[in-house]
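Report on the structure given below.
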2 protein chains.
Amino acid sequence: MLDDLDRRILRHLQGNPSQSLPELADRLGLTTSRLSRKIDKLREGGILRGQRAVIDWQALGYAVEVSLRVTLDKTQSRAFDDFLEAARDIPEVIEIQTFLGQVDVRLSVIAKDMTHYQEIYRRRILTLPHIADIEALMHVARIKSDESLPI
Amino acid sequence: MLDDLDRRILRHLQGNPSQSLPELADRLGLTTSRLSRKIDKLREGGILRGQRAVIDWQALGYAVEVSLRVTLDKTQSRAFDDFLEAARDIPEVIEIQTFLGQVDVRLSVIAKDMTHYQEIYRRRILTLPHIADIEALMHVARIKSDESLPI
DNA sequence: GATGAAAAATCTGTGAC
DNA sequence: GTCACAGATTTTTCATC
């Protein structure tokens with residue numbers, strides 16, 4: 001379903017997204033039109049979902065990131081749905097993942113500083129429904145972040 | 001430093017990534033050139049770091065994601081550096097974060113299926129240097145993922 | 001059905017107002 | 001802050017294999 005050329009194209013799009021088609025075609029030894037059509041196919045197939053602007057939120061003044069592990073009160077059958085729905089609406093929550101196992105959900109929360117974080121934590125996080133337990137880890141750095149998928 | 005218009009622009013660039021300048025300008029009620037210059041400023045300010053192709057790795061056949069919490073052997077002063085450097089080179093490791101506290105590093109690993117995951121885990125993860133302890137959580141879903149920063 | 005070359009449409013960036 | 005234009009880029013068309 002995905003040939004070798006597709007893989008090479010994806011790898012390049014991942015690394016240098018903002019290069020032009022002729023430029024990329026040149027590197028890959030293709031004509032521009034062939035490359036253009038290949039990319040169309042990848043988009044149609046849902047593999048290429050488009051481009052996204054990379055925004056440096058540290059430059060925006062967000063200096064603090066905290067990773068929260070949440071365990072939910074499983075006596076309530078709607079616990080998951082309720083919790084996720086409410087968590088999704090908090091703008092400072094930039095990541096939500098769910099798990100199989102002792103921990104139910106992981107959230108990444110960003111804030112301008114520790115005071116701001118405390119405020120978000122008390123007013124928005126602790127008021128989320130069905131929380132049984134929370135464990136927080138202060139984040140130091142993101143070393144790698146999705147830049148290089150194994151294609 | 002960042003006016004209201006900037007914020008709206010960033011919000012749009014985040015949400016609807018692959019729209020063209022005239023299209024976006026229309027939505028925001030601006031002329032194309034004004035928008036173009038605004039975006040230039042954001043780039044100069046380091047807030048906009050460029051574009052990235054969004055690739056759907058589930059469509060690529062990666063069905064499994066596992067989150068690993070790693071504790072390092074802190075008797076070795078080079079433990080962090082050695083570990084991070086080696087982990088970064090594993091293509092299936094798509095995220096690396098470091099923390100302050102009892103846990104040192106979190107890795108996200110993707111694999112085609114459980115067999116594939118076992119292979120990566122044994123051959124690549126367990127052979128990383130200075131590991132004192134690992135805890136794994138099977139990932140179920142990414143509910144939210146960086147799409148909507150609080151701008 | 002896929003490919004290459006070139007025209008047509010569209011987009012981006014810049015300079016004048 | 002707007003308008004208009006030149007250069008670049010993407011997309012479509014058409015002939016070909």
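Letters A, B, ... are given to chains in the order of the sequence lines, protein chains preceding strands, and every chain is numbered from 1.
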Output the rounded distance in Å from [atom1] ([X]) to [atom2] ([N]).
{"X": "B:K38", "N": "C:dT12", "atom1": "NZ", "atom2": "P", "value": "18 Å"}
{"X": "A:L30", "N": "C:dG4", "atom1": "CG", "atom2": "C1'", "value": "12 Å"}
{"X": "B:Q51", "N": "C:dC11", "atom1": "CD", "atom2": "C1'", "value": "14 Å"}
{"X": "B:L35", "N": "D:dC3", "atom1": "CG", "atom2": "C1'", "value": "16 Å"}
{"X": "A:D40", "N": "C:dA2", "atom1": "CG", "atom2": "P", "value": "13 Å"}
{"X": "B:L24", "N": "C:dT10", "atom1": "CG", "atom2": "P", "value": "18 Å"}
{"X": "A:I39", "N": "D:dT10", "atom1": "CD1", "atom2": "C1'", "value": "10 Å"}
{"X": "B:I9", "N": "D:dG1", "atom1": "CD1", "atom2": "C1'", "value": "13 Å"}

Query raised in the report: 5'-most contact on DNA chain D: B:L5 or A:S36, nearest heavy atom basis?
Result: B:L5

Requested in this report: Measure distances between side-chain N and O atoms of B:R37 and base N and O atoms of D:dT2, and say whether any donor-acceptor pair falls under 3.5 Å.
Outcome: yes

Query raised in the report: If you count the non-hydrogen atoms of other residues, nucleotides and ligands that lie under 6.0 Å from CD in B:E85, is the total more than 12?
Result: no

Query raised in the report: Going by the angle between their ring planes, with limits at 30° and 60°, are B:H139 and A:F99 parallel, tilted or perpendicular?
Result: perpendicular

Query - Spatial distance of atom OH (A:Y121) from atom CG (A:L68) [nearest 0.5 Å] - result: 6.5 Å

Please tell me which of the listed nucleotides, [options], lies nearest to the side chain of [X]?
{"X": "B:T31", "options": "D:dC3, C:dG13, C:dA5", "answer": "D:dC3"}
{"X": "A:L21", "options": "C:dT14, C:dA5, D:dT10", "answer": "D:dT10"}
{"X": "A:R43", "options": "D:dT11, D:dT10, C:dC11", "answer": "D:dT11"}
{"X": "A:R34", "options": "D:dT11, C:dC11, C:dT3", "answer": "C:dT3"}

**Report entry** Any side-chain heavy-atom pair of B:E135 and A:Q102 under 4.5 Å
**Finding:** yes

**Report entry** Non-hydrogen side-chain atoms of B:I110 and B:V64 separated by less than 4.5 Å
**Finding:** no

Requested in this report: Remember a base hit wins even if backbone is also touched, and classify A:S33 as base, sugar-phosphate or nothing at under 4.0 Å, heavy atoms.
Outcome: base

